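Bear in mind that the values here come from a model prediction, so they are computed numbers and not experimental data. Here is how names work: the chains are called A, B, and so on, in the same order as the sequence lines, proteins then strands, and each is numbered from 1.
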Amino acid sequence: MAKQNKTAISPTREEDFPQWYQQVVRAADLAENSEVRGCMVIKPWGYGMWERIQQQMDQMFKDTGHENAYFPLLIPLSYLEKEAEHAEGFATECAVVTHHRLEAEKDDDGKTKLVPSGKLTEPFIIRPTSETIIGAAFARWVESYRDLPLLINQWANVMRWEMRPRLFLRTAEFLWQEGHTAHETKDEALEETDKMLGVYATFMREHLALPVITGRKSENERFPGAEDTLCVEAMVQDRKAIQAGTSHFLGQNFAKASNITFQGRGGDVEHVWTTSWGVSTRMIGTVIMAHADDDGLVLPPRIAPTHIVILPVIPKEQHREPVLAAANDLAAKLKALRFHDDRLTVKVDDRDLNGGVKNWEWIKKGVPIRVEIGPRDLEKGSVAVVRRDRGPKDKAFLPTDDFVDQALSTLQEIQDGLYKRALAFREEYTVSIDTKEAFYDFFQNEKSAGGFAVAHWAGTNEDEDAIKKDLQVTIRCLPFDERYDEEGTCFYTGKPSSKRIVFAKSY
RNA sequence: CGGGGUGUAGCACAGCCUGGUAGUGCGCCUGGUUUGGGACCAGGAAGUCGUAGGUUCGAAUCCUAUCACCCCGACCA
């Protein structure tokens, strides 16, 4: 056998985590950088993950009473100016459209050049988020309390001119969903904010196998223009935190900015209370960093574009026909099954390639279950089954019918196993910290390498900034979990505190 | 936008110091032998050496500028 790396991906996570991440994205054929800086080409395997995420979340939004709509990509500049904090927050990362036509000119070499022309009287920005333009629509749509609540979601692309793009994690253009709702009362809006955060947390735990902490952002980390920002935070394998989704209570800020008013039950004209909430293609990056290993991607079955790959083993030409027939027969049986609400996706990989090459390709792509079927299996009525959450050589030989019977439970077992593994990882690197010395040591000491520090806090925004400057550590959230509610002393200021909160380095 | 690094075939790289017109491994194509594991043999295709300018008889190599990408930081989903 030729000499091979021990692992399919190099460098390994241990050796160089950022490089490893990029190699996984490439090896799994998820996406690539495009010629436009900061923008990515999402390839079929990566887009397949997004389609599943989209489809499953969309159902959850529908189940909670929301409807989809679509709003323009281009937003009049003046709209962004309407809400001061919002404008300030997004001003530094907006792409601006200033012209609406091109004119052909010849340069010195006689080559045709296209030059922008037709300057717009008012520039447009490409949406970095849609609060303002959706607000303008809501203002038209809402007249009476009977029009409320207004529960709208949009699946769209947005653009934020990022300094340092990374595939999926931070790209200039990304795909997301943004929910926007308007309510009659503050309490209803608060409830909506909370409810949708819960939807996100459920989705991430059950569909993405990501243990997440739900909580509230500190004032420093709040969405520009929001009264309150709730979030779900996950830990990935370099022990950094990543914000996987946010839900904002916007108060009446945007209602006032966009003049969204209604006549209430008592006849008075009032401003609505709004919320917004979103998750993006960043979740794909989060799934990669949370679950992938040194052999490539490891997909949570629920979002795997293909659940099961069947690899026919054809030693001699005479075996081709019976083996392929058996493989297709097995595929047909599996395809009749439903995993949660989705039909099983099964692929028979009958490409004329060396078996080992094909096998490793699917390992790198993270397919949950691989099944080999060859002449010896036909005789015995069995198959060889390999799970992606186990080693590449950890093969189980099962009677074919048993395998079909167990397929769904095996997928669920993989799904649950990934969750448990990620949870155990997070628990291992979540540490209660009570002194400033211990806190600084936790994040500075090479050996401890950090993680989540849960600590009492009563500091100011300036104190928070100072910690960020020293350690690149920020408050990830004020967790809702009641186990963190306890009396104590702030590790930084020594003042009394009634809650431990989560600190970490983050993406 | 600051600090560091890298641009040579699809991918990973060597060659650059000491200029002479491009190489290795993997991948790809063809034929054959193979096939329960990223196999082997033979043949083959593929690079304006990031771009532009300069020095030189001659530049991947030296000089200048510029662009892109990566890492760290600031900003952020």
Side-chain angles (χ1 to χ4, degrees), chain A residues 1-8 10-11 16-19 21-23 26-27 29 32-38 88-94 128-129 158-178 200 217 220-224 229 231-234 241-248 276-286 295-296 311-317 319-320 323 352-364 370-378 382-386 392-393 395 397 465 468-469 471-472 474 505-507:
Chain A
M1 209 212 294
K3 255 213 290 201
Q4 290 292 338
N5 292 331
K6 270 194 186 144
T7 57
S10 99
D16 185 343
F17 195 83
Q19 267 299 323
Y21 173 80
Q22 292 187 86
Q23 294 303 326
R26 177 164 35 209
D29 211 24
E32 59 190 25
N33 276 310
S34 84
E35 40 284 269
V36 183
R37 179 183 156 78
E88 199 188 328
F90 284 105
T92 58
E93 46 185 349
C94 284
T129 179
V158 288
M159 179 158 261
R160 297 180 186 178
W161 211 266
E162 296 293 347
M163 291 302 183
R164 205 179 126 203
R166 302 182 73 183
L167 288 170
F168 292 116
L169 298 173
R170 189 183 297 107
T171 47
E173 182 189 14
F174 57 94
L175 305 181
W176 78 343
Q177 77 39 236
E178 48 181 325
Y200 288 160
K217 282 296 184 192
N220 275 358
E221 302 274 327
R222 197 177 285 160
F223 178 75
T229 289
C231 62
V232 283
E233 295 280 331
I242 183 162
Q243 177 177 310
T246 48
S247 183
H248 315 292
S276 70
W277 26 276
V279 298
S280 71
T281 35
R282 173 181 256 198
M283 275 195 300
I284 294 174
T286 307
D295 285 330
L311 296 158
V313 179
I314 302 167
K316 297 260 188 307
E317 197 50 37
H319 298 127
R320 179 174 301 274
V323 168
D352 185 19
L353 282 176
N354 183 282
V357 173
K358 282 199 275 194
N359 194 31
W360 279 98
E361 217 173 89
W362 293 113
I363 291 173
K364 287 185 282 192
R370 307 189 301 283
V371 186
E372 292 160 14
I373 182 161
R376 295 213 298 268
D377 301 305
L378 293 193
S382 69
V383 288
V385 179
V386 197
K393 301 254 163 75
K395 230 186 269 192
F397 295 90
D465 286 338
K468 186 174 179 181
K469 195 155 174 282
L471 299 170
Q472 292 93 49
T474 50
K505 293 182 184 173
S506 75
Y507 277 94

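Relative to the side chain of A:Phe174, the nucleotides B:rG36, B:rG38, B:rA77 differ in distance, and B:rA77 lies closest. The listed nucleotides are B:rC76, B:rC69, B:rG38; the one nearest the side chain of A:Arg282 is B:rC76. Among the nucleotides B:rG73, B:rC75, B:rC70, the one closest to any side-chain atom of A:Lys468 is B:rC75. The nucleotide whose nearest atom lies closest to any side-chain atom of A:Glu93 is, among B:rC76, B:rA77, B:rC69, B:rC76.
For the pair A:Glu361 and A:Arg370, the salt-bridge criterion is not met [side-chain N within less than 4.0 Å of a carboxylate O].
Of the nucleotides present, B:rC41 is the one that pairs with B:rG31 by Watson-Crick or G-U wobble criteria, both distances under 3.5 Å. Taking a pair to require two hydrogen-bonding distances under 3.5 Å in either a Watson-Crick or a G-U wobble arrangement, B:rA59 remains unpaired. Pair check for B:rA12 finds B:rU24; Watson-Crick or G-U wobble, both atom distances under 3.5 Å. When both pairing distances are held under 3.5 Å, B:rA68 makes a Watson-Crick or G-U pair with B:rU6. When both pairing distances are held under 3.5 Å, B:rA74 makes no Watson-Crick or G-U pair with any nucleotide shown.
Side-chain contact between A:Glu178 and A:Ser276 is absent, with no heavy atoms from C-beta onward closer than 4.5 Å. Between A:Phe168 and A:Thr286 the shortest side-chain heavy-atom distance does not fall below 4.5 Å.
When the side-chain nitrogen and oxygen atoms of A:Arg26 are compared with OP1 and OP2 of B:rA12, one or more of them lie within a distance under 4.0 Å. OP1 and OP2 of B:rA68 both lie 4.0 Å or more from every side-chain N or O belonging to A:Asn33. At least one side-chain nitrogen or oxygen of A:Lys316 sits closer than 4.0 Å to the OP1 or OP2 atom of B:rU35. Proximity of A:Arg166 to the phosphate of B:rC71: a side-chain N or O atom is located under 4.0 Å from OP1 or OP2. The side chain of A:Arg164 contributes no N or O atom lying less than 4.0 Å from OP1 or OP2 of B:rC76. The shortest distance between the side-chain N/O atoms of A:Gln22 and the OP1/OP2 oxygens of B:rC71 is below 4.0 Å.
Checked by atom type and distance alone, the side chain of A:Thr229 pairs as donor or acceptor with a backbone atom of A:Phe223 at under 3.5 Å.
Taking every heavy atom of both residues into account, A:Ala244 and A:Met283 meet most closely at O-CG, 3.9 Å.
The side-chain ring of A:Trp176 is not stacked on the base of B:rA77, judged by centre separation under 5.5 angstrom and plane angle under 30 degrees.
One P atom belongs to B:rG53, the other to B:rU61, and the distance between them is 14 Å to the nearest Å. The P atoms of B:rC63 and B:rG20 are separated by 15 Å, rounded to the nearest whole Å.
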